[in-house]
Protein chains: 2
Amino acid sequence: LDYQHVQVPFEITLWIMLASLAKIGFHLYNKLPSVVPESCLLIFVGLIMGGIIYGLNDRSPPVMDSDIFFLYLLPPIVLDAGYFMPSRPFFENIGTILLYAVVGTVWNVFGIGFSLYGICRVKAFGLQDVSLLHNLLFGSLIAAVDPVAVLAVFEEIHVNEKLHILVFGESLLNDAVTVVLYKLFRSFCEMPTIKSVDVFAGVGKFFVVGLGGVLVGLSFGFTAAFTTRFTKDIRVIEPLFVFLYSYLSYLTAEMFHLSGIVAIISCAMGMKRYVEANISLKSHTTVKYFMKMWSSVSDTLIFIFLGVSTIGENHEWNWPYICFTVIFCLVWRALGVLVLTFFVNRFHVNTITSKDQFIIAYGGLRGAICFSLVFLLPDFHRKKLFIAATTVVILFTVFVQGMTIRPLVDLLAVKRKRESAPTVGEQIHIRFLDHLLAGIEDISGHWGQYYWKDKLEYFNSKYLQKILLREYDQPKSSIVLLYEKLERKHAIELAQAGQLGHGPAHPSFLCSGFLCSNNDRAVITDQKLEDSPNPDVLDNMQEILARNLYRIRRTGPAYNRHTLPGDPEPTEQAKEILILRHKSL
Amino acid sequence: LDYQHVQVPFEITLWIMLASLAKIGFHLYNKLPSVVPESCLLIFVGLIMGGIIYGLNDRSPPVMDSDIFFLYLLPPIVLDAGYFMPSRPFFENIGTILLYAVVGTVWNVFGIGFSLYGICRVKAFGLQDVSLLHNLLFGSLIAAVDPVAVLAVFEEIHVNEKLHILVFGESLLNDAVTVVLYKLFRSFCEMPTIKSVDVFAGVGKFFVVGLGGVLVGLSFGFTAAFTTRFTKDIRVIEPLFVFLYSYLSYLTAEMFHLSGIVAIISCAMGMKRYVEANISLKSHTTVKYFMKMWSSVSDTLIFIFLGVSTIGENHEWNWPYICFTVIFCLVWRALGVLVLTFFVNRFHVNTITSKDQFIIAYGGLRGAICFSLVFLLPDFHRKKLFIAATTVVILFTVFVQGMTIRPLVDLLAVKRKRESAPTVGEQIHIRFLDHLLAGIEDISGHWGQYYWKDKLEYFNSKYLQKILLREYDQPKSSIVLLYEKLERKHAIELAQAGQLGHGPAHPSFLCSGFLCSNNDRAVITDQKLEDSPNPDVLDNMQEILARNLYRIRRTGPAYNRHTLPGDPEPTEQAKEILILRHKSL
């Protein structure tokens, strides 16, 4: 037996296996995940595992290594989040998100830091040795909402899209603030005196860290898109580039002390549309599914490790400090959301309701990022107290808030995510309004988001697409694509009906069949149709489209001539095939 | 700048990126890969890289770590090889393959070892200090044909299936022999005296190592299949199990000093049909594509590292020894193939021609496995000589043999792989003959391969499928599946023709559309149809099938009743849909 030799990969594989099996286990009992969020169950499994390890070895189980967390576990989750980020609501609410992420986080850091310092001044608690700077440092790591925890809970409760993107976007973008404040306070702690110039440098640094992250991410993203232009002959390694470049963007950003999370998100969002158009359908499926799989495993491992790391002797229990930390986290977040939303609502027509505000405040879950940061603190005599407080805050938010948020959403009747995809009519109107508003903004000289969106789209189609796309071609209208898809679906149903009975119109079948033949830009409408549950609506759509698009079909027989090998007379041939088919039936 | 922090993942990512970009680079010039095998080009890139590193640092570049090779780079390639192994030709030729792999390898080891010892006895060469045991140890590592190198070259030359499986199967299965002999001689080198009992223990060990590997692999494979029974609710982590269990089988085998390669191949071959039936289509696509991608990257990295590691000061140049090593490798392999094939041909009707024998002998490429093994040798004063000889043998086989084998195959007019898939008629006859021969063998009391195949199939459908498959259901005949597929393809073409002109019958589209709706067992015929280039043959097939399968369709309307939600009268509904469709057209 030679265990030493294979130990590292063997143990990693076993941990992943444990995580995956735990996930399967939860889903065998269908009722469990609908009551308790998966993250709680996983922490629970971790606690049990930690208990077992502690019992067997009689010493603390190994805690999650911060390096492993930041270098290997976090990037897949953030990449997944960035790649599948719904870009329209994100950019529509980018102002509000940034306000929450930047001002809100700073507010929380200083609020929590100063109030905890107040607690430390109370002699009865015996905490006089914790300085203001240490409290602020602790505040900077405990204040930030955690994207992993937020994602785990909010994916299950299906609140409306705007609410979701506000909480989730904040949790992602506050990374830049957290990085700056955490490093600032940590270096302040080690400095003998702090000059005012250092404070201003810190403020300036925030812009460097955030915008630098965006820049690094976008440059890697565009390089990735450019690289996939040349993979036509070796489809097999296409998916790799998506992962390699995004990971490199993360590592590069981390290397220069920029925000890795911001970098990987910009990279993913920047490359997505070009990469999707360049790579083959099967590569795209591989990218999508592998990304989901990887982030799901990372997520599982993080929560299990959180549980395992909780057990042990790293903690110093000072009840007042810990309890007040939890209370201040809740109070300052609630106050921050109230105040900020007040200003946001003054400048927006589509306001954030008080129910939404409550859910935003209540959904501020803390998670593994705080936990990793607290272990990265330089050693000082109260580190164990901070570890204990962080652990309690995380467990409180994940268990208490995570488990009660779903009933609260039900109770408050918070607006849910709409179940059905937007209809064709809605899509047309949305697009129409976009153009209209861009025009109005242009005429009125108000450079709002529609104006910029229009300019960006122009820049994209004029320059970026030509450089980054393999075969540059005006994309088809999504309505034409939808029509093609419905036609194809109908044809397949017909074939199935011929021998299988009326088989279920298998949505994955439908979509993959469609995607294959139009593997360039068909992806756009894919998700919409797949989500749509109503066959009547689809039939209706198809009918309208068939009636109205017949002319398009006639006047533009070679619509996609540049990508399909041309036939002398496509319409003639089509008729012939139809006639033949009639005869054979 | 904090490079230390991200160094490990950053450098790994950069190496993979270099490998992928090199691959893209080769394929940009279409002519290059058709003349020079990719493996040669990659070694060449590695040599240049190594030269640059050597020039910049003025010291040897780091050699490929044997642990990294055996634990991380080799498993993906072997997994890919095992998972996509064509099982029919493999099992049909298993006897011959084992003969080549076991007897042939032993023959080569002792042949090369003893003749090199003879060279060492010649005083003029100054090699008297190399003992017989050391020569045999060297022989044991240099004798084995390398699966990675063989795969890289044989994938490009498209020889007939039997020839391919003979060389490739040998290269995979000789791992057990290599492991045993290498470890045996290494321990003999360190023993003061060798008893005869040790030699017999070595022979016994071979069976343990080989059969133990098979056993470990199969048990992990079946566990994997069993696990995927329960993943219906969390499709997202399904692909993971394929990778986790196969990797665990490899690591477990390595841990117990069994043959990891044999284990991972048995695992992959054992689990494949059950896993494919259990997991969703998209998971399956992810598994397939990710496996191909991973093995392709591993392969690329291995050859680049081979090149990089060649540069440096690890070599002791003794020309006679090195030249004779190359010659003996060629001669003993040629002799071995001749002698063994003579015996094989006496017992087979379908003999191996002399052209085939030449290609088998000539295709015995050495690669990274030898290279890693020679670095794992215990330190002794002639280790650098062995490293030099191994490097030369590898470079000679990969460059000279690898580059000349394609012209030789052309020149000798070696039978090529047939381009078209077997026709329906052939398939029916093959299946018919299988049953017939199983019956004949049963009656005549000769327990040949058909008898065992039949028994295994019985055991599989009676027990294994019930335990390992999620919804156990008699699989459809592949002919019915083929018919369904053609029907569907026709329908899709029709829909496409309606507006796109006669689009190309995109093969990937066709197959994925088909797979989706029959995502259970349709995979069987998938590959065949996709390979088939002749549309006339397909049309013909469809016509015949449509005529003959109409009755099946009529008498078995609910053929797949257990997996599809039942409709009161499927045939009625089908007719109705057809009539409606006619009207709408």
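Sequence lines set the chain letters: A, B, ... in the order given, protein chains first and strands last, and positions in each chain run from 1.
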S.K.: Measure distances from L71(A) to the heavy atoms of chain B and classify the residue's part below 4.5 Å as side chain, backbone, both or neither.
M.R.: side chain

S.K.: Is it the side chain or the backbone of S20(B) that comes within 4.5 Å of chain A heavy atoms, both, or neither?
M.R.: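 Looking at S20(B), backbone and side chain both touch chain A.
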
S.K.: With a 4.5 angstrom heavy-atom cut-off, which part of F241(A) approaches chain B: side chain, backbone, both or neither?
M.R.: side chain

S.K.: With a 4.5 angstrom heavy-atom cut-off, could you sort out which part of T13(A) is near chain B: side chain, backbone, both or neither?
M.R.: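 For T13(A), heavy atoms of backbone and side chain both lie under 4.5 Å from chain B.
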
S.K.: Please determine, among E238(B), K292(B), H5(B), the option with the most heavy-atom pairs under 4.5 Å with chain A.
M.R.: H5(B)

S.K.: Which residue out of H257(B), H27(B), M255(B) racks up the most heavy-atom pairs below 4.5 Å with chain A?
M.R.: M255(B)

S.K.: How would you list, by chain and number, every residue that makes a ring-ring contact (aromatic ring centres under 6.0 Å, His included) with F243(A), sequence neighbours excluded?
M.R.: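 Testing F243(A) for ring-ring contact (aromatic ring centres under 6.0 Å, His included), a comparison that skips the adjacent residues, returns F290(A), W294(A).
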
S.K.: Assess, by modelled atom type and distance only, whether the side chains of S283(B) and S280(B) contain a donor and an acceptor separated by less than 3.5 Å.
M.R.: yes

S.K.: Would the distance check show the side chain of S298(B) and the main-chain N or O of S295(B) forming a donor-acceptor pair, the cut-off being under 3.5 Å?
M.R.: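 Absent.
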
S.K.: Among V6(A), L240(A), V297(A), which has the most heavy-atom pairs under 4.5 Å with chain B?
M.R.: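 Most pairs with chain B among the choices: L240(A).
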
S.K.: Given heavy-atom pairs under 4.5 angstrom as the criterion, report whether the side chain, backbone, both or neither of I234(A) touches chain B.
M.R.: side chain

S.K.: Contact part of L244(B) toward chain A, heavy-atom cut-off under 4.5 Å: side chain, backbone, both or neither?
M.R.: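 Interface part for L244(B): both.
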
S.K.: With a 4.5 angstrom heavy-atom cut-off, is it the side chain or the backbone of Y3(A) that approaches chain B, or both, or neither?
M.R.: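 Both backbone and side chain.
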
S.K.: Could you tell me if the side chain of V242(B) sits less than 4.5 Å from the side chain of T228(B), heavy atoms only?
M.R.: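 When only atoms from C-beta onward are counted, V242(B) and T228(B) do not touch, as no gap falls below 4.5 Å.
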
S.K.: At a 4.5 Å cut-off on heavy atoms, which part of Y72(A) comes close to chain B: side chain, backbone, both, or neither?
M.R.: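 Contact with chain B: side chain only.
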
S.K.: Under a plain distance cut-off of 3.5 Å, with no hydrogens placed, do T227(A) and Y245(A) share a side-chain donor-acceptor pair?
M.R.: yes

S.K.: Could you tell me if the side chain of T286(A) sits less than 4.5 Å from the side chain of M293(B), heavy atoms only?
M.R.: no

S.K.: Could you tell me which residues satisfy side chain to side chain donor-acceptor pair (under 3.5 Å) with T300(A), sequence neighbours excluded, listed by chain and number?
M.R.: K23(A)

S.K.: For chain A, which of T252(B), L14(B), V236(B) has the most heavy-atom pairs under 4.5 Å?
M.R.: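 Going by pairs under 4.5 Å, I would pick V236(B).
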
S.K.: Within the distance-only criterion (no hydrogens, no angle test), does the side chain of Y250(A) pair as donor or acceptor with the backbone N or O of F70(A) below 3.5 angstrom?
M.R.: yes

